[in-house]
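Some notes on the structure that comes next.
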Amino acid sequence: QVQLVESGGGLVQAGGSLRLSCAASGIIFRITAMDWYRQAPGKQREFVARISSGGGTNFADSVKGRFTISRDNAKSTVYLQMSSLKPEDTAVYYCKTVAYNTWGQGTQVTVSS
């Protein structure tokens, strides 16, 4: 079955960096765009970034210039590199496969001030 497993979350100070990973199985990874979303306590889940099957990217305005997204089709893995982190980046981060409309379980990112 389709499975997405996120990792790499944790506690970091403001200004720091983290790299999240999302490993996919049960899908033809190379054909699907991949998204990252996040959900802060008491807020709706929001879009963070997308990478297309061809490698094109787009980002939410709130993370442009600070976050990058990449993919390794050989490893069926998508990454979210987060830099210059702010306390408002604190959230559970989820990956999603667009073609299969499946979500991972999420990984917590906490940025302390």
- Message: Per the disulfide bond (SG atoms under 2.5 Å apart) rule, what does the pair list look like for residues 20-113, sequence neighbours excluded?
- Response: Cys22-Cys95
- d(Phe47 CZ, Asp61 CG) to nearest 0.5 Å is 10.5 Å
- Task: Give the minimum heavy-atom separation between Tyr100 and Val2, together with the two atoms involved.
- Result: CD2-CG2, 4.1 Å
- Item | Test side-chain hydrogen bond (donor to acceptor under 3.5 Å, both in side chains) applied to Gln3 - qualifying residues, sequence neighbours left out | none
- Hits for side-chain contact (heavy atoms from CB on, under 4.5 Å) against Thr68, two or more places apart or cross-chain, chain-then-number order -> Gln81
- Query: side-chain hydrogen bond (donor to acceptor under 3.5 Å, both in side chains) with Thr102: which residues, sequence neighbours excluded?
  - Reply: none
- Query: What residues, two or more places apart in sequence or in another chain, satisfy salt bridge (charged side-chain N to carboxylate O under 4.0 Å, His left out) together with Lys43?
  - Reply: none
- Message: Restricting to non-hydrogen atoms, name the atom on Ser84 and the atom on Ser17 that form the minimum distance, rounded to 0.1 Å.
- Response: N-OG, 4.4 Å
- Do you know the tightest heavy-atom contact between Met82 and Leu20? CE-CG, 3.7 Å
- Item | Atom pair OG1/CD1 of Thr32 and Ile27 - distance to nearest 0.5 Å | 5.5 Å
- Query: Is Ile51 linked to Tyr94 within one hydrophobic cluster, defined over Ile, Leu, Val, Met, Phe, Trp and Tyr using a side-chain heavy-atom separation of less than 4.5 Å?
  - Reply: no
- Message: Taking side-chain contact (heavy atoms from CB on, under 4.5 Å) as the definition, give me every residue that meets it alongside Thr110, ordered by chain and number, with sequence neighbours left out.
- Response: Leu11, Thr90, Gln108
- Rounded distance [0.5 Å steps], OG1 in Thr57 versus NZ in Lys64: 10.0 Å
- Message: Within the structure provided, determine whether Met34 and Leu4 are in side-chain contact (heavy-atom separation under 4.5 Å).
- Response: yes
- Message: Going by the rule side-chain hydrogen bond (donor to acceptor under 3.5 Å, both in side chains), which residues pair with Asn58 if we only count those two or more places apart in sequence or in a different chain?
- Response: none
- Item | side-chain contact (heavy atoms from CB on, under 4.5 Å) against Ser70, all qualifying residues, sequence neighbours excluded | Tyr79
- Given the rule that I, L, V, M, F, W and Y join up when any side-chain heavy atoms are under 4.5 Å apart, are Val98 and Ile31 in one cluster? no
- Query: Which heavy-atom pair separates Val109 from Leu18 by the least distance, and what is that distance?
  - Reply: CG1-CD1, 3.9 Å
- Task: Treat each ILVMFWY residue as a node, draw an edge where side-chain heavy atoms are under 4.5 Å apart, and state whether Val92 and Val5 are in one component.
- Result: no
- Any donor-acceptor N/O pair, Glu6 side chain to Gln105 backbone, under 3.5 Å: yes
- Across all chains, not counting sequence neighbours, the side-chain contact (heavy atoms from CB on, under 4.5 Å) partners of Ser7 are Ser21
- Message: Which residues pass the side-chain hydrogen bond (donor to acceptor under 3.5 Å, both in side chains) test with Arg66, not counting sequence neighbours?
- Response: Asp89
- When the aromatic ring centroids of Tyr37 and Trp103 are compared, is their separation below 6.0 Å? yes
- Is any side-chain heavy atom of Leu80 less than 4.5 Å from a side-chain heavy atom of Arg38? no
- Write down the atom of Phe67, the atom of Phe59, and the distance for their closest heavy-atom approach. O-CE2, 3.4 Å
- Item | Residue pair Ser113 / Ala14: nearest heavy atoms and the distance that separates them | CA-CB, 4.4 Å
- Item | For Glu88, salt bridge (charged side-chain N to carboxylate O under 4.0 Å, His left out) partners two or more places apart | none
- Under the salt bridge (charged side-chain N to carboxylate O under 4.0 Å, His left out) rule, collect the residues that match up with Asp35, sequence neighbours excluded. Arg50
